[in-house]
Amino acid sequence: MTAELKSDFLKILTERGYMHQATNLEGLDERAASSPVTGYIGFDCTANSLHVGSLVQIMMLRLMQRTGHKPIVVMGGGTTKVGDPSGKDEARPLLSDADIEQNKNGIKKIFEKYLTFGDGPTDAIMVDNDEWLSSLSYIKFLRDYGAHFSINRMMGMESVKLRLDREQNLSFLEFNYAILQAYDFFELRRRYGCSLQIGGSDQWGNIVTGIDLTRRVDAQEIFGITSPLITTASGAKMGKTAGGAIWLNEERLSTFDFWQFWRNTEDADVGRFLRLFTELPLEDVQKLEALEGADINQAKIILANEATRLCHGEEAAKAAAETALQTFAKGQMADGLPQIERAQDEVEGLSVLDAFIQTELAASKGEIRRLIKGGGARVNGTSITSDEACLSLADFQDGKCQLSAGKKRHALIVLR
């Protein structure tokens with residue numbers, strides 16, 4: 001397919017594995033080859049950070065800009081008030097306006113690392129759909145646009161069918177989400193000349209609904225692209241680990257833990273992840289994914305370095321790699337590990353169960369008890385044999401005590 005494509009944007013998108021579905025790919029390719037295309041992705045403000053499950057879409061926006069097109073980042077200040085039912089078994093908890101605003105501010109910082117914002121023809125812009133959604137008049141909206149939405153088609157959308165087939169409640173509030181997202185696309189074309197929406201594969205129905213609305217009301221053709229659902233070779237959902245979500249904001253996840261996530265990539269995923277989450281030339285990727293045995297670890301280190309550099313910067317990536325070298329290769333207590341500070345009187349007699357929970361190496365006492373039973377819990381490299389064990393000041397070397405959960409997760413308690 002890539003040999004037939006004319007535009008660099010769609011060629012690279014396809015070659016590197018970002019493409020799942022597209023509406024009128026030939027028409028979009030013609031437009032992208034002849035002039036800059038403006039495209040958008042929406043991000044609801046359900047948490048104060050995105051996690052790596054959103055990273056494919058962010059990299060697609062970055063690729064748009066790198067190939068001469070204009071990305072729009074849409075903050076879902078309005079749609080978050082409704083909640084996207086896609087991929088959910090039950091309704092999302094409704095957030096207050098203050099919570100949505102706080103989450104929005106946390107998410108905004110991520111995009112500055114990946115995109116260049118400004119007033120130029122290919123500079124990214126960021127808008128909030130609350131700007132037009134919250135001012136809609138219900139009766140006027142129904143009269144102007146209601147006739148253009150087919151209930152028959154909406155009932156066949158995956159997000160709706162999933163709930164109905166399982167006989168799970170789907171509220172009228174959530175049912176309206178697809179309508180609001182469709183209106184976003186419609187409004188963005190009118191305001192900014194936006195002709196492309198990008199989303200995950202679960203957004204296909206919503207995207208097509210927006211394309212259909214614009215065709216019916218404005219007689220304009222716009223386009224949609226979806227990316228594939230990214231899972232690991234073992235079938236796990238991308239972005240979720242036993243330790244929790246892999247957040248993109250350093251306030252939610254240390255740079256070292258972010259680096260370590262990529263370093264721990266399954267062998268079978270290395271080539272695919274190098275294509276999706278780095279900008280290494282494809283010929284370099286092919287050489288790295290061909291490595292076998294212990295040599296594949298070098299490819300994983302490069303993946304970790306490149307993914308961390310994009311998200312947290314060159315210096316942070318180097319520091320994380322050095323921390324890993326000291327911790328794993330040299331067996332040292334590295335300062336770059338995730339850490340918490342405690343006073344002397346807070347650590348003297350602190351139970352190891354509480355210590356592991358405070359450092360977020362375990363989510364519950366039951367989890368750390370199982371780790372102790374399996375021999376995977378250590379203090380300064382020494383296995384803990386009893387769940388009644390406690391820390392003392394003697395465990396602190398140069399004011400630091402290292403806790404380890406298994407071979408790959410570590411944290412420091414530092415005396416203040």
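Count residues from 1 along the sequence.
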Please examine the side chains of [Y] and [X], heavy atoms only from C-beta on, and report whether any two atoms are closer than 4.5 Å.
{"X": "Arg252", "Y": "His51", "value": "no"}
{"X": "Met126", "Y": "Leu115", "value": "no"}
{"X": "Val73", "Y": "Ile125", "value": "no"}
{"X": "Asn380", "Y": "Lys400", "value": "no"}
{"X": "Asn105", "Y": "Gln102", "value": "no"}
{"X": "Ser364", "Y": "Ile357", "value": "no"}
{"X": "Phe356", "Y": "Ile384", "value": "yes"}
{"X": "Leu303", "Y": "Leu288", "value": "no"}

[atom1] of [X] to [atom2] of [Y]: how many Å apart, nearest 0.5 Å?
{"X": "Gln402", "Y": "Thr382", "atom1": "CD", "atom2": "OG1", "answer": "11.0 Å"}
{"X": "Gln197", "Y": "Thr226", "atom1": "CD", "atom2": "OG1", "answer": "10.5 Å"}
{"X": "Leu274", "Y": "Ile302", "atom1": "CG", "atom2": "CD1", "answer": "7.5 Å"}
{"X": "Asp269", "Y": "Leu276", "atom1": "CG", "atom2": "CG", "answer": "10.0 Å"}
{"X": "Ile211", "Y": "Arg189", "atom1": "CD1", "atom2": "CZ", "answer": "12.5 Å"}
{"X": "Glu251", "Y": "Asn48", "atom1": "CD", "atom2": "CG", "answer": "8.0 Å"}

Exam field: side chain [X] to backbone [Y], donor-acceptor pair closer than 3.5 Å:
{"X": "Asp128", "Y": "Gly77", "value": "yes"}
{"X": "Gln65", "Y": "Thr122", "value": "yes"}
{"X": "Thr265", "Y": "Val270", "value": "no"}
{"X": "Ser34", "Y": "Arg31", "value": "yes"}
{"X": "Asn249", "Y": "Gly106", "value": "yes"}
{"X": "Thr209", "Y": "Ala178", "value": "no"}
{"X": "His69", "Y": "Val37", "value": "yes"}
{"X": "Asn129", "Y": "Val74", "value": "no"}

Count the heavy atoms belonging to other residues, nucleotides or ligands that lie under 6.0 Å from [atom1] of [X], then report whether that count exceeds 12.
{"X": "Lys287", "atom1": "NZ", "answer": "no"}
{"X": "Arg153", "atom1": "CZ", "answer": "no"}
{"X": "Glu26", "atom1": "CD", "answer": "no"}
{"X": "Glu283", "atom1": "CD", "answer": "yes"}

Locate the shortest heavy-atom distance separating [X] from [Y]; write the atom from each residue and the value.
{"X": "Cys45", "Y": "Asn103", "result": "O-ND2, 3.0 Å"}
{"X": "Leu196", "Y": "Leu28", "result": "CD1-CD2, 3.9 Å"}
{"X": "Leu391", "Y": "Ile413", "result": "CD1-CD1, 3.9 Å"}
{"X": "Gly199", "Y": "Gln57", "result": "C-NE2, 4.0 Å"}
{"X": "Leu10", "Y": "Ile225", "result": "CD2-CD1, 3.7 Å"}
{"X": "Ile58", "Y": "Ile110", "result": "CD1-CG2, 4.1 Å"}

Quick one about [Y] and [X] (side-chain donor to acceptor, distance below 3.5 Å, no hydrogens or angles considered), yes or no?
{"X": "Ser7", "Y": "Asp29", "answer": "yes"}
{"X": "Tyr177", "Y": "Asp44", "answer": "yes"}
{"X": "Gln220", "Y": "Thr214", "answer": "no"}
{"X": "Thr79", "Y": "Gln181", "answer": "no"}

Dump the intermediate steps for side-chain contact (heavy atoms from CB on, under 4.5 Å) on Asn176 and Phe149, then the final yes or no. CA-CA 11 Å; Asn176 276 271; Phe149 293 98; over 6 Å; no
Could you tell me which residues satisfy ring pair (Phe, Tyr, Trp, His ring centres under 6.0 Å) with Tyr145, sequence neighbours excluded, listed by chain and number? Phe141, Tyr183, Phe186
Show your working on side-chain contact (heavy atoms from CB on, under 4.5 Å) between Arg275 and Glu289 and close with a plain yes or no. CA-CA 10 Å; Arg275 286 177 174 82; Glu289 69 181 339; 2.8 Å; yes
Can you tell me which residue among Asp212, Ile179, Val217 is in a side-chain contact (heavy atoms from CB on, under 4.5 Å) with His148? Val217
Provide the full list of ring pair (Phe, Tyr, Trp, His ring centres under 6.0 Å) pairs with a residue in residues 303-326, sequence neighbours left out, each pair given once. Phe258-His312
Per the ring pair (Phe, Tyr, Trp, His ring centres under 6.0 Å) rule, what does the pair list look like for residues 187-231, sequence neighbours excluded? none
Tell me whether [X] is salt-bridged to [Y], with the criterion being a basic N under 4.0 Å from an acidic carboxylate O.
{"X": "Glu15", "Y": "Lys11", "value": "no"}
{"X": "Arg309", "Y": "Glu306", "value": "yes"}
{"X": "Glu101", "Y": "Lys104", "value": "yes"}

Residues two or more places apart in sequence or in another chain: which of them pass side-chain hydrogen bond (donor to acceptor under 3.5 Å, both in side chains) with Gln286? none
With sequence neighbours left out, which residue pairs that include part of residues 51-64 fulfil the salt bridge (charged side-chain N to carboxylate O under 4.0 Å, His left out) condition? Arg62-Glu279
Keeping to residues at least two apart or across chains, list the side-chain hydrogen bond (donor to acceptor under 3.5 Å, both in side chains) pairs with something in residues 132-141. Lys81-Ser134, Asp130-Ser134, Trp132-Asp184, Lys140-Asp144
side-chain contact (heavy atoms from CB on, under 4.5 Å) evaluation trace for Cys311 with Tyr114: CA-CA 7 Å; Cys311 188; Tyr114 290 91; 3.1 Å; yes
Do the ring planes of Phe277 and Trp262 sit parallel (below 30°), tilted (30 to 60°) or perpendicular (above 60°)? tilted
Test side-chain contact (heavy atoms from CB on, under 4.5 Å) applied to Met59 and Thr278, step by step: CA-CA 9 Å; Met59 292 295 288; Thr278 82; over 6 Å; no
